[in-house]
Amino acid sequence: MIVVNARSAAVNENKIRQQYKNRLNNAQGQHFEREILAGCRMYESHGIASIDKTPEPFRVTSKNHRTGEFTGRFSTHAQPDFQGTLYGGRSIMFEAKRTSKDRITRNVLTDTQMDVLERHSRLGALCGVCICIQDDFFFIPWNVWRDMKEMYGRQYLKPDDIEEYKIKFDGAVHFLMHTEELKGAYENAERKR
């Protein structure tokens with residue numbers, strides 16, 4: 001006969017719920033990144049930009065050559081998710097975040113990601129945070145994300161706050177649609193679609 005005390009059963013149930021939630025969030029995040037990559041490929045095919053996903057900083061610690069399995073760990077803090085070059089030579093760098101909640105909090109970016117975005121922004125790069133809140137898509141300029149406390153009086157954004165940064169989604173995320181210096185190139189590419 002197996003005896004399970006109620007306390008350990010509850011802990012295990014909570015752990016299982018959390019694992020499920022983590023896997024679901026991870027899958028949704030990966031799907032969102034694929035939608036952004038579709039936008040990257042669209043922009044590249046029209047000569048507007050060349051933007052790629054930043055590889056995760058990962059180091060293999062052991063290998064099993066027979067099975068092909070390996071063990072590894074992240075070697076440094078994650079950099080922003082995407083970087084590249086816009087038509088005309090300006091660099092671009094941005095982080096991608098998705099939430100199924102009705103708001104997104106500033107602290108979803110790590111200090112390292114914010115530091116990197118700030119440094120590149122100071123050098124003239126187009127920096128921002130591409131977000132999906134439920135089913136709405138936005139590209140938030142870095143200075144707006146960085147200063148949201150001063151601008152909105154709080155450390156989170158709701159869709160109504162950022163309506164002016166809403167972007168088109170048609171299977172691809174059109175994260176450059178409000179970029180002033182690319183307006184002509186973007187509109188020309190849209191006409192060709």
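Just so it is clear, the model here is predicted, and its values are computed rather than measured.
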Starting from the C-alpha separation in whole Å, work towards a yes-or-no answer on side-chain contact (heavy atoms from CB on, under 4.5 Å) for I167 and L176. CA-CA 8 Å; I167 53 178; L176 294 176; over 6 Å; no

Polar side-chain atom of T110 near backbone of Q113 as donor-acceptor pair, under 3.5 Å: yes

Sequence neighbours excluded, which residues qualify as side-chain hydrogen bond (donor to acceptor under 3.5 Å, both in side chains) partners of R106? none

How about N26: does its CG atom have over 12 heavy atoms from other parts shown lying under 6.0 Å from it? yes

Please report the closest heavy-atom contact between F138 and I162, naming both atoms and the distance. CD2-O, 3.4 Å

Nearest heavy-atom approach of F32 to C130 is CE2-O, 3.6 Å

Pairwise distance CD(Q134) to NZ(K101) - rounded to 0.5 angstrom: 11.5 Å

CG/D115 to NE2/H120 distance, rounded to the nearest 0.5 angstrom? 11.0 Å

Give a yes or no on whether a salt bridge exists between E95 and K97, defined as a side-chain N under 4.0 angstrom from a carboxylate O. yes

Parallel, tilted or perpendicular: rings of F94 and F175 (30°, 60°): tilted

From C40 SG over to K53 NZ, what is the distance, rounded to the nearest 0.5 angstrom? 10.5 Å

Determine whether the side chains of T54 and Q79 contain a donor N or O and an acceptor N or O closer than 3.5 Å. no

Apply side-chain contact (heavy atoms from CB on, under 4.5 Å) to residues L86 and L182 and explain how you reach the verdict. CA-CA 8 Å; L86 304 175; L182 298 175; 3.9 Å; yes

Between Y165 and F139, is the gap from one ring center to the other below 6.0 Å? no

Worked verdict on D52 versus F82 for side-chain contact (heavy atoms from CB on, under 4.5 Å): CA-CA 6 Å; D52 294 301; F82 293 88; over 6 Å; no

L157 and R154: which non-hydrogen atoms are nearest, and at how many Å? CA-NH1, 4.4 Å

Atom pair NZ/CD of K158 and E163 - distance to nearest 0.5 Å: 14.0 Å

I131/R98 under side-chain contact (heavy atoms from CB on, under 4.5 Å): CA gap, chis, key distance, verdict: CA-CA 5 Å; I131 62 173; R98 185 197 177 288; over 6 Å; no

Assigning hydrophobic clusters by single linkage (Ile, Leu, Val, Met, Phe, Trp, Tyr; side-chain heavy-atom cutoff under 4.5 Å), is V129 placed with I92? no

For a quick test of reading the model, state the closest non-hydrogen atom pair linking R146 to E118 and the distance between them. NH1-OE1, 2.9 Å

Just checking, R103 and Y156: is the charged tip under 6.0 Å from the six-membered ring centre and within 45° of the axis? yes

Are V108 and V173 linked, directly or through intermediate hydrophobic residues, by side-chain heavy-atom contacts shorter than 4.5 Å (ILVMFWY only)? no

Heavy atoms, side chains only, cut-off 4.5 Å: are K166 and D136 in contact? yes

Write down the atom of A172, the atom of G39, and the distance for their closest heavy-atom approach. CB-N, 3.6 Å

Contact check, side chains of E44 and I51, non-hydrogen atoms, under 4.5 Å: no

Under 4.5 Å between any side-chain heavy atoms of H174 and Y43, yes or no? yes

Can you hop from M177 to W145 via hydrophobic side chains spaced under 4.5 Å? no

Looking only at heavy atoms, the pair that brings S121 and C127 closest together is N-SG, 3.6 Å

Any donor-acceptor pair under 3.5 Å from D147 side chain to V144 backbone: no

Using side-chain heavy atoms (C-beta onward) and a distance below 4.5 Å, is L109 in contact with L117? yes

Under a 4.5 Å side-chain heavy-atom rule over Ile, Leu, Val, Met, Phe, Trp and Tyr, are L126 and F137 clustered together? yes

To the nearest 0.5 Å, atom CE of M93 lies from atom CZ of R119 at 8.5 Å

Kindly compute the distance separating CG (D161) from CD1 (I104), expressed to the nearest 0.5 Å. 12.5 Å

